[in-house]
Amino acid sequence: MIHSGVVAPEGEPGAGRLACQPMNPPVPEILQEALATVLVASGIERAPADIHVERTTRPDHGDWFTNLAMVVAKPAGRAPRELAADLADRLKAHPPLHVDKVEVAGPGFINFHLGHGWLEDILARLLEAGEEGYARPDLGHGEKVQIEFVSANPTGPLHVGNGWLCSFGDTLARLLERCGHRVSREYYVNDTGGQVRRLGESLLARVRREEVPEEGYQGDYVTELAGHYPGGSEDDVTEAGRWAAARILDNIRGSLGRLGIRFDEWFSQASIEEGGAVAETLQLLSSRGLVYEKEGATWLRTSDLGDSRDRVLIKSNGDITYLGGDIAYHRNKFLVRGFDRVIDVFGADHHGQVASLRAAVAALGVDPESLEIHLGQMVSLVGAKMSKRAGNFVSLDSLLDDIGKDAFRLLSLMKSINEATTLDLDLVRRQTMDNPVYYVQYAHARISSIGRVRAERGIAMVPVAEANFSLLTHPRECELIRCLDELPDVVADACVRREPFKVTNWVRKLADRFHGFYHDCYVMGEGVAPDLTQARLHLVEGARIGFSIGLGLIGVSAPESM
RNA sequence: GCCCUCGUAGCUCAGUGGAUAGAGCGCCGGCCUCCGGAGCCGGGUGCGCAGGUUCGAGUCCUGCCGAGGGCGCCA
């Protein structure tokens with residue numbers, strides 16, 4: 001932490017100076033407003049609702065550009081380049097804030113070259129907002145959203161694949177929270193039905209020192225649990241299964257804790273199936289004429305609602321199907337607890353239930369748009385598939401023992417969950433020393449180190465308002481500030497598109513920019529003027545804020561030293 | 001057979017319809033007088049195939065090829 005030793009007391013001149021100076025609006029707003037104005041002046045009647053301005057990818061294209069002329073030209077019956085030139089001329093007559101140069105290029109792009117004041121504004125805005133306020137777009141407006149993830153059956157420890165989606169769900173939850181949603185994390189506990197009975201059978205078999213049935217759970221953990229089983233009626237498989245499931249659930253909680261994940265709700269499937277929820281749900285569906293009896297079973301007309309066929313809710317033996325319980329569960333989410341939006345995160349092996357569930361939610365009278373289902377593609381190991389029943393999975397705990405929480409979270413949040421992953425455990429373990437996590441954390445440790453050296457040398461930081469950011473003209477400094485400028489957009493984008501890995505990519509980019517800055521721009525080196533030192537100290541603080549926000553979102557710790 | 005996801009550099013992956021497609025790893029070669037060298041700088045190869053939409057396609061549409069997953073009165 002870098003804290004000023006000379007923070008001006010409140011009320012004195014200087015302390016509130018920043019707040020008194022109205023902050024300039026961000027560049028996109030400045031450009032959009034200017035473009036809207038010249039568009040009208042140029043005789044274009046209907047301006048697009050959303051005028052698109054973007055950062056350029058190449059320096060010779062300036063800093064920002066718009067495709068506005070090309071978008072508007074055709075409906076207006078004008079040539080794109082001609083219109084672009086017209087707009088550019090009008091902009092040049094009254095240049096918007098920070099705009100040094102306006103150019104028309106290519107098929108009709110308008111490029112903006114900005115002055116250094118742009119970067120100074122970015123840094124000032126970032127430092128004023130701080131870790132709490134920066135990159136906190138209010139996209140949700142308090143929307144009440146529930147996110148259910150993992151929900152692995154308590155029939156065995158979490159494996160690496162489970163952990164992968166844990167990272168996704170938890171970081172998505174953090175993103176939603178940061179972007180103005182009220183988020184509840186939920187774990188649906190399958191503590192009833194066939195899986196539990198099967199677990200109980202496996203346990204009792206081990207208690208009797210017999211082989212586990214073929215369809216049972218073969219893992220060593222069952223044998224271990226059997227050693228502690230207090231008994232009970234020897235043939236009550238449900239009782240045995242529930243006892244084992246409770247133990248395993250404790251283990252799962254522990255693994256999640258190691259990953260920094262806490263659930264707000266552990267929702268019992270038994271509470272749904274053994275309470276009145278299913279009956280109430282059936283009644284609702286019946287009243288809509290969507291339920292019928294056939295061959296002794298109770299069916300839901302899901303084929304009327306986008307599913308490929310109808311589905312059974314109550315088996316002919318009277319048992320509730322998984323779907324039957326799941327519908328009641330989703331009725332509870334939407335209609336009982338009143339979530340505005342429900343997000344389910346499943347593994348791709350649950351693909352088969354998506355259409356049914358969507359149809360079922362529609363059958364409940366809930367807007368299907370408010371149910372989001374994200375399928376994470378399979379995570380497997382080189383040369384092996386993980387199977388809980390066969391007991392040949394790699395547990396999340398053992399991998400965490402090897403590489404640690406930070407490396408695991410970063411690793412699991414580096415790419416889209418739409419992409420299948422095959423882990424080479426040897427490689428992952430070996431990569432430990434040149435894992436991206438070190439690159440990122442080392443950058444943060446260097447920031448802390450700068451703070452320590454500053455304290456040792458007794459250098460006090462001046463207030464932000466007294467720092468002269470116009471001195472930060474080194475290319476490394478400019479690149480670092482530009483990177484920090486992207487964070488609010490990255491957070492919003494990652495949230496809206498449900499793509500947490502974008503945050504990881506950004507953090508890595510920030511680390512890259514910071515290492516470059518650190519290498520070329522000594523903050524307190526010999527011959528660095530005091531004013532420049534002050535400006536750079538604030539830039540370093542800005543980077544620290546960026547790391548804190550980014551690493552906080554992906555759940556990776558920001559160490560003071562390595 | 002039908003449905004979903006994916007195919008971009010040797011490998012792992014980025015790339016809201018924009019201009020000359022980018023990182024990391026690996027490989028080769030440089031850089032420690034000062035805040036931590038777990039760092040910095042330089043070096044090169046690529047959008048599975050074929051059509052279509054568009055001023056403009058890695059991105060959107062159709063078909064094909066290839067990989068993974070799914071199509072139960074299992075969960």
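Labels below follow one simple rule: chain letters A, B, ... track the order of the sequence lines, proteins then strands, and each chain is numbered from 1.
If you check distances only, the side chain of N67(A) does reach the base of G18(B) with a donor-acceptor pair under 3.5 Å. For A19(B), its base sits under 3.5 Å from the side chain of N111(A) at one donor and acceptor pair at least. Judged by distance alone with a 3.5 Å cut-off, no donor-acceptor contact links the side chain of S308(A) to the base of C71(B).
When both pairing distances are held under 3.5 Å, U16(B) makes no Watson-Crick or G-U pair with any nucleotide shown. In this structure G7(B) sits in a base pair with C65(B), meeting the Watson-Crick or G-U test at under 3.5 Å.
Remark: R55(A) engages D489(A) in a salt bridge, criterion side-chain N to carboxylate O under 4.0 Å. With respect to D326(A) and R331(A), no salt bridge is recorded, no charged nitrogen being found less than 4.0 Å from a carboxylate O. With respect to D307(A) and R311(A), a salt bridge is recorded, a charged nitrogen being found less than 4.0 Å from a carboxylate O.
Here S416(A) lies in heavy-atom contact (under 4.0 Å) with sugar-phosphate atoms only. Nucleic acid contact class of P107(A) (heavy atoms, under 4.0 Å, all strands): base. The residue Y518(A) sits close to a base: some heavy atom pair falls under 4.0 Å.
Its glycosidic angle being within 90° of 0, C32(B) falls on the syn side.
For the C1' atoms, the distance linking A21(B) with G56(B) amounts to 15 Å, nearest Å.
Comparing C40(B), A75(B), C73(B) by their nearest atom to the side chain of H519(A) picks out C40(B).
Residue-environment remark: CD (E293(A)) exceeds the threshold of 12 foreign heavy atoms within 6.0 Å.
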